[in-house]
Amino acid sequence: MIQIKDLSKTYSNGMVSLDSINLTVNKDEFIYLIGASGAGKSTLLRMIFRVEKPTSGNVLIDNFSLKELTNNQIPYLRRSIGFVFQDFKLLPRRTVYDNVAFALRILNYSRSRIRRQVTQVLELVGLHQKQNYFPSQLSGGEQQRICIARAIVNNPPILLADEPTGSLDPETSWEIMQLLSRINM
Ligand code: ADP
């Protein structure tokens with residue numbers, strides 16, 4: 001469960017991005033945040049992923065307060081959260097397989113465990129056949145599916161997506177939303 005409590009963020013230039021936000025997201029819930037550009041949606045996600053600290057208020061994940069989180073604990077928090085970016089952030093010189101396997105190699109998992117998890121997740125997003133391709137050989141929708149595979153490969157309990165369809169055409173966007181919804185089931 002994610003609890004956002006009286007969360008405010010004012011940037012150093014005086015820009016108020018969030019003003020006393022309260023929100024609870026229960027386990028298994030799939031929620032959309034909708035708002036005009038500049039409304040603070042990305043800022044809110046960055047607080048949950050702890051890319052930024054709030055000016056006041058708090059985020060609790062399963063009752064664990066992010067306010068108390070030390071810098072050393074941030075990698076552990078991030079392991080429990082998958083993050084899908086609008087602009088993919090794929091490694092251009094690595095294959096589809098390696099882009100997805102990358103995070104697991106850092107965790108020193110065995111080669112067979114990595115192969116099992118990566119294969120499973122590439123099948124789920126329908127890109128198993130293209131595991132040896134490079135990102136530049138894929139369409140935007142396929143690249144986004146790799147990002148989703150990368151975000152969920154280690155089974156995080158939370159998946160955040162920041163405008164995951166922002167750079168895709170309507171039909172591909174719909175496919176990506178269906179995929180995200182399927183993953184949540
Ligand atoms: P959204 O994702 O809804 O488009 P953002 O969270 O990106 O909105 O931005 C919310 C507001 O905070 C905007 O007015 C934006 O200009 C401002 N903002 C975002 N990031 C920064 C930053 N690093 N420094 C200063 N202002 C920022």
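Please read all numbers here as calculations on a predicted model, not as lab measurements. These values consider heavy atoms only, across backbone and side chains, with no hydrogens, waters or symmetry-generated copies. Remember, it's 1-based here, ligands and their atoms both numbered in the order they're listed.
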Item to complete: Determine whether more than 12 heavy atoms belonging to other residues, nucleotides or ligands lie under 6.0 Å from atom CD of Q178.
Response: yes

Discussion item. Testing the 3.5 Å rule here: is there a donor-acceptor pair between the side chains of E142 and Y133?
Written reply: no

Item to complete: May I have all residue pairs that pass side chain to side chain donor-acceptor pair (under 3.5 Å) and include part of residues 15-25, sequence neighbours excluded?
Response: D6-N22, S17-T43

Discussion item. Tell me which one of D98, V153, N99 satisfies side-chain contact (heavy atoms from CB on, under 4.5 Å) with V118.
Written reply: V153

Practice prompt. Using the ring of F49 (Phe, Tyr or Trp, six-membered ring only), decide whether R78 places NZ or CZ under 6.0 Å from its centre and within 45 degrees of its axis.
Written response: yes

Discussion item. Does R79 qualify as a cation-pi partner of Y76, given the criterion of NZ or CZ under 6.0 Å from the six-membered ring centre and within 45 degrees of its axis?
Written reply: yes

Worksheet item: Got the residues with a heavy atom under 4.0 Å of ligand 1, by chain and number?
Response: Y11, N13, M15, S17, A36, S37, G38, A39, G40, K41, S42, T43, R46

